[in-house]
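See below for the structure under consideration.
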Amino acid sequence: QVQLVESGGGLVQAGGSLRLSCTASGRTSALMGWFRQAPGKEREFVAAIDWSGGGTVYADSVKGRFTISRDGAKNMVYLQMNSLKPEDTAVYFCNAGSRTSIWLASSWAYWGQGTQVTVSS
């Protein structure tokens, strides 16, 4: 089985930076990614990375500000978040899977418990 545990969330001011970490245990998945869910809204895609090749995909809302990366030796995935905005406030989830519809939450098989990111203005 696959277990995902996120860490690194917190409270930061607009324009600040934060790095989220996700530790994965179990079988390596083809894809790893991050989703987020703001209060009263649906979960939305943030970023994804191909585990073997390292290719990345980003949502337009975070492109140029967020960077997803992975460390195969440590079985970890990171999300470096720069130039944070109040609209980035959400619970961020680490996820894993093998399906190609990366923008759909239902296509991912495994989810972490989430970590809260709050950006104040």
Side-chain angles (χ1 to χ4, degrees):
Q1 190 58 270
V2 176
Q3 183 176 4
L4 306 173
V5 180
E6 305 98 331
S7 63
L11 174 64
V12 298
Q13 293 187 28
S17 298
L18 206 61
R19 187 179 72 168
L20 305 183
S21 299
C22 174
T23 301
S25 62
R27 183 179 179 180
T28 301
S29 298
L31 300 172
M32 299 288 292
W34 293 90
F35 272 68
R36 66 186 182 186
Q37 186 169 27
K41 297 185 178 181
E42 297 181 339
R43 291 188 183 185
E44 65 173 342
F45 172 79
V46 176
I49 187 167
D50 181 274
W51 189 256
S52 60
T56 58
V57 178
Y58 297 92
D60 288 341
S61 60
V62 305
K63 193 173 299 182
R65 299 188 298 120
F66 291 10
T67 302
I68 186 171
S69 61
R70 93 282 198 216
D71 186 331
K74 297 180 179 179
N75 262 21
M76 296 186 71
V77 178
Y78 306 95
L79 185 68
Q80 177 66 47
M81 305 183 293
N82 299 325
S83 301
L84 284 162
K85 306 174 181 179
E87 51 263 46
D88 294 319
T89 295
V91 175
Y92 283 71
F93 298 89
C94 177
N95 48 285
S98 60
R99 301 180 68 178
T100 58
S101 300
I102 60 175
W103 300 272
L104 299 177
S106 61
S107 70
W108 295 87
Y110 307 101
W111 293 79
Q113 81 288 347
T115 185
Q116 177 70 49
V117 172
T118 302
V119 184
S120 64
S121 59

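In this text the structure is predicted, and so the values were computed from the model without any measurement.
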- request: Any pair with a residue in residues 56-108 that passes disulfide bond (SG atoms under 2.5 Å apart), sequence neighbours left out, goes on the list, sorted by first then second residue, please.
  value: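 Of all non-adjacent pairs touching residues 56-108, those that pass disulfide bond (SG atoms under 2.5 Å apart) are C22-C94.
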
- request: Return each pair, listed once, that meets disulfide bond (SG atoms under 2.5 Å apart) where at least one residue sits in residues 47-76; pairs must be two or more places apart or across chains.
  value: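 Every pair satisfying disulfide bond (SG atoms under 2.5 Å apart) with a residue in residues 47-76: there are none.
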
Nearest atoms (heavy-atom pairs only) where [X] meets [Y]:
X: A38; Y: A90; value: N-CB, 3.7 Å
X: I68; Y: Y58; value: N-OH, 2.9 Å
X: V46; Y: V62; value: O-CG2, 3.6 Å

[X]: which residues meet the side-chain hydrogen bond (donor to acceptor under 3.5 Å, both in side chains) condition with it, sequence neighbours left out?
X: S98; value: none
X: Q116; value: T118
X: K85; value: none

task: Assess whether side-chain contact (heavy atoms from CB on, under 4.5 Å) is satisfied between W34 and I49, documenting all intermediate values.
output: CA-CA 9 Å; W34 293 90; I49 187 167; over 6 Å; no

Results of side chain to side chain contact (heavy atoms under 4.5 Å, CB included) for S101 - residues two or more places apart only: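 Result, side chain to side chain contact (heavy atoms under 4.5 Å, CB included) vs S101: L104, S107.
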
query: Who are the side chain to side chain contact (heavy atoms under 4.5 Å, CB included) partners of A96, not counting sequence neighbours?
result: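 Expected list: L4, S29, M32, Y110.
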
R65: salt bridge (Lys or Arg N to Asp or Glu O under 4.0 Å) partners, not counting sequence neighbours: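 Partners of R65 under the salt bridge (Lys or Arg N to Asp or Glu O under 4.0 Å) test: D88.
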
message: Give me each pair satisfying side chain to side chain donor-acceptor pair (under 3.5 Å) with a member in residues 4-15, each pair once, sequence neighbours excluded.
response: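 Found E6-Q113.
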
message: I need the full list of side chain to side chain donor-acceptor pair (under 3.5 Å) pairs touching residues 66-80, with sequence neighbours left out, sorted by first then second residue.
response: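 The answer is Q80-N82.
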
Over 12 foreign heavy atoms within 6.0 Å of CD, E87: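 For E87, atom CD is crowded (more than 12 foreign heavy atoms under 6.0 Å).
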
query: Do V117 and M76 share a hydrophobic cluster (ILVMFWY, side-chain heavy atoms under 4.5 Å, transitive)?
result: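 No, separate clusters.
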
- prompt: Would you say the side chain of R36 lies within less than 4.5 Å of the side chain of E44, judging by non-hydrogen atoms?
  reply: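 When only atoms from C-beta onward are counted, R36 and E44 do touch, with a gap below 4.5 Å.
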
task: Test L79 against R19 for side-chain contact (heavy atoms from CB on, under 4.5 Å), laying out the working first.
output: CA-CA 6 Å; L79 185 68; R19 187 179 72 168; over 6 Å; no

query: Measuring from F66:CZ to T56:OG1, what's the distance to the nearest 0.5 Å?
result: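 It is 14.0 Å, given to the nearest 0.5 Å.
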
Members besides F35 in its Ile/Leu/Val/Met/Phe/Trp/Tyr cluster (side-chain heavy atoms under 4.5 Å):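 Besides F35, the hydrophobic cluster comprises L31, F45, V57, V91, F93, I102, W103, W108, W111, listed by chain and residue number.
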
